[in-house]
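Order of the sequence lines fixes the chain letters, A, B, ..., with proteins taken first and strands second; residue numbering starts at 1 for each chain.
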Amino acid sequence: MQYALLIYEDESAAPAPNSPEAEQIFQRYWSFTEDISKEGVNKGGEALHPVAAATTVRVVDGEVELTDGPFAETKEQLGGFYLVEATDLDHAVSIAARIPAAETGSVEVRPVWDFSSEQG
Amino acid sequence: MHEHRRAIEAVFREEYGLVLAGLVRYTGDLQLAEDSLQDATIAALGSWDDGIPDNPAAWLTTTARRKAIDRVRRAKTLDLKYQTIGHLDAGDPDPEPVYSIEDDRLRLIFTCCHPAIRPDARVALTLRTVAGLTTPEIARAFLVPEPTMAQRIVRAKRKIRDAGIPYEVPAPADLPERLDGVLAVIYLVFNEGYSATSGAEHVRTSLTSEAIRLATTLNEILPSQPEVLGLLALMELHAARTGARTDVEGVPVLLPDQDRSLWDHDQINRAVATLDRAVQLQSPGQYQIQAAIAALHAKAPSSEHTDWTQIADLYQSLYRYVPTDVVRLNRAVAVAMSGRTEDGLTMVDEIDTLDRYPYFHTTRGALLADVDKVAEAIAAYEVALTLIESDAERRFVEKRLTQLRSP
């Protein structure tokens, strides 16, 4: 089954872009992504811009309302995600634990709804 | 007739966990397995009137498998979705089992105690599916309204299905940690029954025997695990003292004052033999250490003739595995009992996180009374009184206060 691995980290603690620290983290993500692709479990994923670039959309009484910023102000922010194919939760957790952010922030493991199996 | 019905129900209880575990592998779905077993027990009530079959587990398994296939066929037409229809082999209703019954039970235990399930739900689910207790029984034992407990179990089962928690024994690399989780669940069940922090004690003591039953089963299917043996020994050593732990009015009697002839010495000897087997495997752990402490108490002829120095050392070892202030408190008591009351009292006073813990204050009270600081002892017991929830324990502290106030 498929799982989304949602990466949460405190943006304010992130190293400056192009710093050696940032370069090192980028390298770790690059090799992790390469590894899970070789294992055949990588089904996609993206890194996200910081929440300063976020816009939240609601439709209220037919009117589109925009709010500058994320859906909720929290200590850790959604910074990116992977979509992986795993045999079960234990497998998904073992992949999630290899994401660098698991050491510095947290990774939420969410099963992806499989609508194709619902048709019977 | 009534007796016959009771015999049937005893068989259900005895075979439940075993039959269910096999059905979970067969169907791949805990809910479907439970529903089918429920169907089979209803069928059994009808057809066992002439006598219980020689192998009731096999009868229930075969019947439940047919019921599972019926349910899936019906579910398809009702547009209910059991995601695991592929598991069922309708053409061959009774294939040779690929796995042993022990494998099935072990898998189910690890599933119910999976760390992705909330701790209170792990306990409830284990009692329901592995021990075969009914939801009302579990609700009563944990003093929770029945709908709350039912909801807790339903949510846990949904989490297993939707999150894809596997029915697998963990990989060898993960086994020690996951086994710790299973043992923690079993010990929680035991303590819930043993300490009975509030009301309805008679219902809750059955939890202690359920916990021992679970550990015994675990030891049968996963033998020679030192910590499984250690936990089993620990629980049996505690349980052996049950008869002496309260007086006729239900007021707790502390260890030094207990009538040791009321202890179950056969059970103590059995537990010590179990602990010896664990220690021979030469891989210490927190349950073995706690069992060793309990064994020193159990084998001592009296409180004065207890090897308190060794107990203090064992608490120090335990602190490496369980670094909590409760362990420090117990070590301080052992030090005080070994004849170094002042040292023990100093160690108690160095602990500053247990203000809300009634036993911290009753311990201080007892040690202060021992060194004749009566006013301070009274003050400590008075604080304890504001924190205690159980009536029996409240009566105990009030008794101590009366003694101290009228020397």
Side-chain angles (χ1 to χ4, degrees), chain A residues 1-9 28 31-33 35-45 74-76 78-120, chain B residues 24-25 27-30 32 69 71-88 90 106-118 121-122 125 155-179 181-182:
Chain A
M1 58 197 276
Q2 290 198 338
Y3 293 85
L5 310 181
L6 309 175
I7 298 165
Y8 289 89
E9 269 191 303
R28 286 188 64 192
S31 72
F32 168 74
T33 308
D35 287 347
I36 61 171
S37 300
K38 276 189 200 143
E39 290 160 26
V41 300
N42 185 12
K43 298 295 163 193
T74 48
K75 199 175 164 291
E76 294 184 328
L78 180 65
F81 65 92
Y82 284 93
L83 185 66
V84 298
E85 179 73 42
T87 49
D88 53 40
L89 182 65
D90 287 354
H91 185 201
V93 167
S94 72
I95 299 168
R98 290 155 57 197
I99 297 177
E103 291 162 32
T104 50
S106 44
V107 178
E108 183 177 320
V109 178
R110 286 278 285 274
V112 172
W113 208 289
D114 180 7
F115 289 103
S116 66
S117 77
E118 308 237 326
Q119 318 299 313
Chain B
V24 169
R25 175 175 47 75
T27 61
D29 185 299
L30 181 55
L32 176 56
I69 292 166
R71 275 185 173 268
V72 169
R73 287 199 183 121
R74 252 181 306 151
K76 273 177 132 172
T77 58
L78 290 170
D79 199 33
L80 289 169
K81 48 190 191 310
Y82 286 121
Q83 299 178 344
T84 47
I85 291 159
H87 272 82
L88 298 177
L106 193 56
R107 269 193 204 96
L108 193 55
I109 291 175
F110 277 108
T111 304
C112 292
C113 298
H114 197 281
I117 301 170
R118 272 174 41 181
R122 282 178 223 162
L125 201 58
R155 280 213 194 107
K157 285 192 280 196
R158 207 177 288 153
K159 171 90 192 235
I160 290 174
R161 190 190 61 198
D162 293 345
I165 293 176
Y167 294 104
E168 290 297 341
V169 175
D174 299 331
L175 189 68
E177 206 186 324
R178 292 285 306 279
L179 186 59
V182 172

ask   = Just wondering, more than 12 heavy atoms not from A/R98 lying within 6.0 Å of its CZ?
value = yes
note = Distance col, row B/T111:OG1 vs A/L89:CG, nearest 0.5 angstrom, shows 11.0 Å
ask   = Taking all atoms of both residues into account, what is the closest heavy-atom pair of B/A163 and A/P111, and its distance?
value = CA-CG, 3.6 Å
inquiry  = Does this structure show an ion pair linking B/R178 with A/D90, if we count only N-O contacts that are shorter than 4.0 Å?
reply    = yes
ask   = How long is the gap from CZ on A/R110 to CG on B/D162, to the nearest 0.5 Å?
value = 11.0 Å
